[in-house]
Amino acid sequence: VLDDLYTTATFHPDGQPKADEQPLGVTFSGRDTRFALWAPTAQSVRLQFYKAVAGRDKKDEFKADGKALPLTFDAATGIWSLATKTKVTG
C-alpha cells in the first residue's frame with residue numbers, strides 16, 4: 001500500500017523524479033555526498049559518522065565521530081535525505 005502511495009503520483013511537486021525513480025543509499029557528485037533512505041513511516045532519521053581507529057589486535061575498530069546529523073523528510077516521496085560536503089571514505 002505504501003509503495004502505491006509514493007509511486008502512483010504522476011510527478012513530484014518540485015519537478016523531481018517520483019520516489020521509485022530517485023537514487024537511494026549513498027551517491028557522490030563532485031564534492032557533495034548525498035545520503036537517501038526511503039522510510040515513509042519513520043518519525044526521524046539521523047546519520048552517525050564513524051572513524052576507524054587502530055584496535056589492540058591491529059584490526060580497525062570504529063568510534064563515533066561527532067554527533068549524528070538529522071536527515072530531511074520529503075513528504076511527497078517518503079525519502080529522508082542529507083547532502084553534505086563532508087569527505088566520506090570507506
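Throughout, residue positions are numbered sequentially from 1 according to the sequence presented.
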Residues R34 and P23: closest non-hydrogen pair is NH1-O, 3.4 Å
For W38 and T77, indicate whether the former's side chain and the latter's backbone hold a donor-acceptor pair under 3.5 Å.
yes
Under the rule for side-chain contact (heavy atoms from CB on, under 4.5 Å), what residues qualify as partners of L47, not counting sequence neighbours?
F35, F49, L71, L82
L24 CG to L37 CG distance, which is reported to the nearest 0.5 Å:
7.5 Å
Applying side-chain contact (heavy atoms from CB on, under 4.5 Å), can you list everything that pairs with A68, at least two apart in sequence or on another chain?
R46, Q48
